[in-house]
There are 2 protein chains.
Amino acid sequence: MASIKDVAHHAGVSVATVSRVLNDHPSVRADTRDRVLSAVAELGYRPNAVARSLRTDQTRTLGLVISDVLNPFFTELARSVEDEARALGYSVIIGNADERPDLQDHHVRSLMDRRIDGLLVSPTDGGSPLMLDAARSGTPMVFVDRWIGGVDVPVVRTDGRGAVRDLVAHLHALGHRRLAIISGPAATTTGRERVQAFRSALAEFGMALPADHMGQGDFQADSGRRVTARFLDLPEPPDVIFATDNLMVLGAMDEIRARGLRVPDDVALAAFDDVPWFVHTDPPITAIAQPTGELGRAAVRALIDLVEGRTAESVILSARLVTRRSCGEPEGSKP
Amino acid sequence: MASIKDVAHHAGVSVATVSRVLNDHPSVRADTRDRVLSAVAELGYRPNAVARSLRTDQTRTLGLVISDVLNPFFTELARSVEDEARALGYSVIIGNADERPDLQDHHVRSLMDRRIDGLLVSPTDGGSPLMLDAARSGTPMVFVDRWIGGVDVPVVRTDGRGAVRDLVAHLHALGHRRLAIISGPAATTTGRERVQAFRSALAEFGMALPADHMGQGDFQADSGRRVTARFLDLPEPPDVIFATDNLMVLGAMDEIRARGLRVPDDVALAAFDDVPWFVHTDPPITAIAQPTGELGRAAVRALIDLVEGRTAESVILSARLVTRRSCGEPEGSKP
DNA sequence: CTGAAAGCGCTTACAG
DNA sequence: CTGAAAGCGCTTACAG
C-alpha cells in the first residue's frame with residue numbers, strides 16, 4: 001500500500017507538502033497541488049487513518065455500546081446513530097453487550113483502547129466500576145435511552161410517563177381492572193421507570209398493582225414467557241399484561257398461545273416499544289412508540305458537541321401510545 | 001492518559017521492558033515483571049491500540065459490510081460474526097450499506113483507510129470498481145450470503161435450492177398451481193439464485209413461471225407491497241406469493257390486509273429467511289430458514305484463516321423449509 | 001535479562 | 001509557498 005512518502009517522491013515534493021494538500025491547507029501553490037493530486041490518483045493512495053489518529057490524537061470515531069443488537073429498538077437506534085454520525089463526519093463502532101455487564105465492560109475497554117473520540121452508551125446495569133471510571137475519566141460520553149446516576153454525563157432519553165398514562169386510560173376505558181406488568185431489570189433505569197409510571201397511572205385511576213401482578217423480566221423473550229406463565233397460573237389471572245419491551249411481549253404471546261388462550265378475549269396485551277411487525281401479529285399489538293430515530297440523532301449531536309469542546313445538554317423526548325387491537329379495542333384506530 | 005513512558009518511569013525500567021511485559025515476552029525476570037505490572041495497575045495504564053497498530057501493521061479488527069442492518073437476517077448475521085470474532089480475539093466494525101452501492105463503497109473505503117485486517121462483505125450489487133479493487137488488492141476478504149463473481153474471494157453462503165424445492169412441493173401438495181415470486185435485485189446473487197431455484201422447482205412439478213408472476217423487488221418492505229399490488233390487480237391473481245426475503249413478505253402482507261383479503265384463503269404467502277416473529281403473525285408464515293449463526297461463524301473463521309496467512313475454502317450450508325399456516329396447511333407441523 | 005535506537009505513517013510548528 | 005525535523009506511542013532487531 002502506497003504511503004505518503006511514495007506520493008511525495010512521485011510528485012517531487014516533501015511529505016509535508018503532500019500532507020498539506022491532503023488536508024486542504026490553503027498555502028499550497030495550485031500547480032504543486034495538482035502535481036500531488038495526480039500522484040495520489042496514480043498510486044491509488046489513501047491516507048493511513050491509523051497513523052493520522054496517532055499523530056492528531058483523534059480518531060473521528062464514536063463508540064456505541066448497546067444492550068442487545070437483536071432487539072429491534074436498539075437496531076434502529078444504532079442505525080440512526082450511524083446515519084447522523086456519518087453525516088457529521090464520524091464513524092461508529094458498535095459494541096453489543098447482550099444484556100451482560102461483563103460484555104459491556106469488555107466493549108467499553110476495547111473502545112477506549114482504540115481511543116474513540118466519544119462514547120455513547122445505553123447501560124445494561126447500574127454502572128460497573130469500569131463504566132464509572134470511564135464516565136469520570138474525561139472521555140466524552142453520553143447516555144442514550146438508559147442511564148446511570150451520580151455521574152456528570154448528559155442523558156438523551158424518552159419520557160414514557162405520558163404515554164403509559166394514556167395506555168392505562170385506554171385499558172380502563174375498555175373495562176380492564178386487573179392489570180399486570182412485566183418489568184425489565186431493576187438495575188436499569190428503563191426497568192424501573194416504566195414500572196413507576198405504570199403504578200402512578202394505575203393509582204390515578206383508582207387501581208392497585210399487587211405484588212403478584214408484577215413480574216421481573218430481563219428484557220428478553222424468554223423472561224416474558226416465564227412471567228406470563230406465572231400470571232396465568234394465578235387463581236385470578238390479570239385482564240391485561242403490559243410487557244415493558246418488544247421482546248418480552250413476544251414471549252408473553254408464546255405462552256398465551258401455548259395454553260390455547262386468545263388475545264384479547266382471554267388476556268389483553270400491550271408493549272413498550274413499537275416495532276414494524278406489531279401491525280402483523282394476531283392481533284396487532286398496542287404499543288408505546290419511542291421516537292427512536294430522533295433519540296439516536298440527538299444523542300450523536302450531544303456527543304459530538306462534547307467531543308468538539310462545546311457543552312451538551314440532556315434531552316428528553318416523549319413517547320406516544322399507538323392503539324391497535326390487542327387490548328380489545330374494536331377495529332378502527334390504525335397507527 | 002498514561003503512556004508507556006509513564007509506566008517505564010514509574011517502574012524504573014525502559015519502555016522496551018514494559019512492552020515486553022505487556023506482550024508476555026518470556027525473557028523478563030519475574031521481579032521486573034511484577035514491578036512493571038504494579039506500575040501498570042497504579043497508573044491505570046492501557047496500551048494505545050492505535051500506536052500498536054501503526055507499529056505492528058495489524059489492527060486485530062475485521063470489517064463487516066452488510067446490506068441492511070434493519071433486516072433481522074443481517075442483524076443476526078452481524079451478531080454471530082461479532083461473537084465469533086471476539087472469541088478469536090478480533091473486534092468488528094459494521095458498515096451498513098442500506099442496499100445502496102454508494103454507501104457500500106463509502107464503508108469499504110472507510111474500513112480500508114482504518115487498515116482493518118480483513119473484510120467480510122455481503123455485496124449490495126454486482127461489484128463496484130472499488131469493491132473489485134479491494135478484492136484484488138490483497139486485503140483478506142470473504143463474501144458472506146451474497147457474492148460477486150470473477151474475483152478470487154472465498155464465499156460462505158447458503159444453498160437454498162433444496163429448501164425452495166421442498167417449498168414448491170409443499171405448495172403443490174396443497175393444490176396451489178399459480179405461484180408468483182417477488183425477487184430481490186438482479187444485481188445480487190441471492191436476488192437471482194432464489195428465482196432460478198424457484199423456476200427449476202416449478203418446472204419439476206410441471207408448472208410455469210409466467211412473466212406477470214415475477215415481480216422485481218429490492219429486498220425492502222415497500223417493494224414487496226408494490227409488487228403484491230401488481231399481482232393482485234391481475235385478472236387472474238396468483239394462489240401463492242413467495243417473497244424472497246423477510247422484509248418484502250411484510251409489505252406483501254400489508255397490501256393483502258389493506259385489500260381486506262385473507263391469508264391463506266385468498267392468497268397464500270411464504271418467505272425466504274425465517275425470523276422469530278413469523279410465529280406470531282396472522283397466520284404464522286411458512287419460511288425457508290438459513291443457518292444464520294453458522295453462516296456468520298464460518299465466514300469469520302474463513303476470514304481469519306486468510307488474515308493469519310492460512311488458506312480458506314468456500315463454505316456452502318443448506319437452508320430448510322419451516323412450514324406454518326400461511327400456505328393453507330392445517331395446524332400441526334410447528335417449527 | 002535489559003536498554004538504546006530505529007521506525008511505523010502521518011501532522012505541524014519552525015525556518016527560510 | 002515549501003522543506004527538514006520532531007514527535008505521536010508503541011514494538012523489535014540488535015547489542016551487551
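As a basis for the values below, the full set of heavy atoms in this structure was taken, side chains included, without hydrogen atoms, waters or symmetry mates. Letters A, B, ... are given to chains in the order of the sequence lines, protein chains preceding strands, and every chain is numbered from 1.
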Working for side-chain hydrogen bond (donor to acceptor under 3.5 Å, both in side chains), residues B:D68 and B:Q220: CA-CA 9 Å; B:D68 180 10; B:Q220 303 280 338; 3.3 Å; yes
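Using a cut-off of 4.0 Å between Lys/Arg side-chain N and Asp/Glu carboxylate O, B:R146 and B:E99 are scored as salt-bridged. In this structure, B:D83 pairs ionically with B:R79, as a charged nitrogen and a carboxylate oxygen lie closer than 4.0 Å. With respect to B:R52 and A:D113, no salt bridge is recorded, no charged nitrogen being found less than 4.0 Å from a carboxylate O. A salt bridge does not link A:E313 to A:R301: none of the charged side-chain nitrogens sits closer than 4.0 Å to a carboxylate oxygen.
Nearer to the 5' terminus of DNA chain C, by closest-nucleotide assignment, is the contact made by B:P26 (compared with the other of B:P26 and B:L54). Each of A:M1 and B:R29 was matched to the nucleotide of DNA chain C holding its nearest heavy atom; the match closer to the 5' end belongs to B:R29.
Atom-to-atom, CD of B:Q58 to P of D:dG9 comes out at 21 Å; the value is rounded to the nearest Å. Rounded to whole Å, the distance from CG on B:D34 to C1' on C:dC1 is 15 Å. B:R33 has its CZ atom 12 Å from the P atom of C:dC1, to the nearest Å. In this structure, B:L22 places its CG atom 10 Å from C1' of D:dC10, rounding to the nearest Å. Going from atom NE2 of A:H9 over to atom C1' of C:dG9 covers 17 Å, rounded to whole Å. As rounded to whole Å, 18 Å separates atom P of D:dC10 from atom CG of B:D57. Atom-to-atom, CZ of B:R114 to P of C:dC10 comes out at 15 Å; the value is rounded to the nearest Å.
With values rounded to the nearest 0.5 angstrom, A:I116 atom CD1 is found 8.5 Å from A:T61 atom OG1. Interatomic distance, CZ of B:R115 versus CZ of A:R46, reported as 9.0 Å (0.5 Å rounding).
Residues B:L64 and B:A78 share a closest heavy-atom pair of CD2-CA, 3.7 Å. The two residues B:Q104 and B:V65 make their nearest non-hydrogen contact at CG-CG1, 4.1 Å. Residues A:M141 and A:V121 share a closest heavy-atom pair of CE-CG1, 3.7 Å. Nearest heavy atoms, A:S122 versus A:F74: OG-CE2, 3.5 Å.
For A:K5 and C:dC10, the shortest distance from a side-chain N or O to OP1 or OP2 is not below 4.0 Å.
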Write out a two-atom table: protein N or O, nucleotide N or O from nucleotides 12-15 of chain D, distance below 3.5 Å.
from: D:dA13; atom 1: N6; to: B:R20; atom 2: NH2; distance (Å): 3.1

Pairing pattern in dot-bracket form [Watson-Crick, G-U; both distances under 3.5 Å; | = partner strand] for DNA chain C: |||.||||||||.|||
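With C:dC10, D:dG9, D:dT2 as the candidates, the nucleotide lying closest to the side chain of A:S27 is D:dT2.
Proximity of residues 45-53 of chain B to DNA chain C (heavy atom under 4.0 angstrom from any strand atom) is not detected for any residue.
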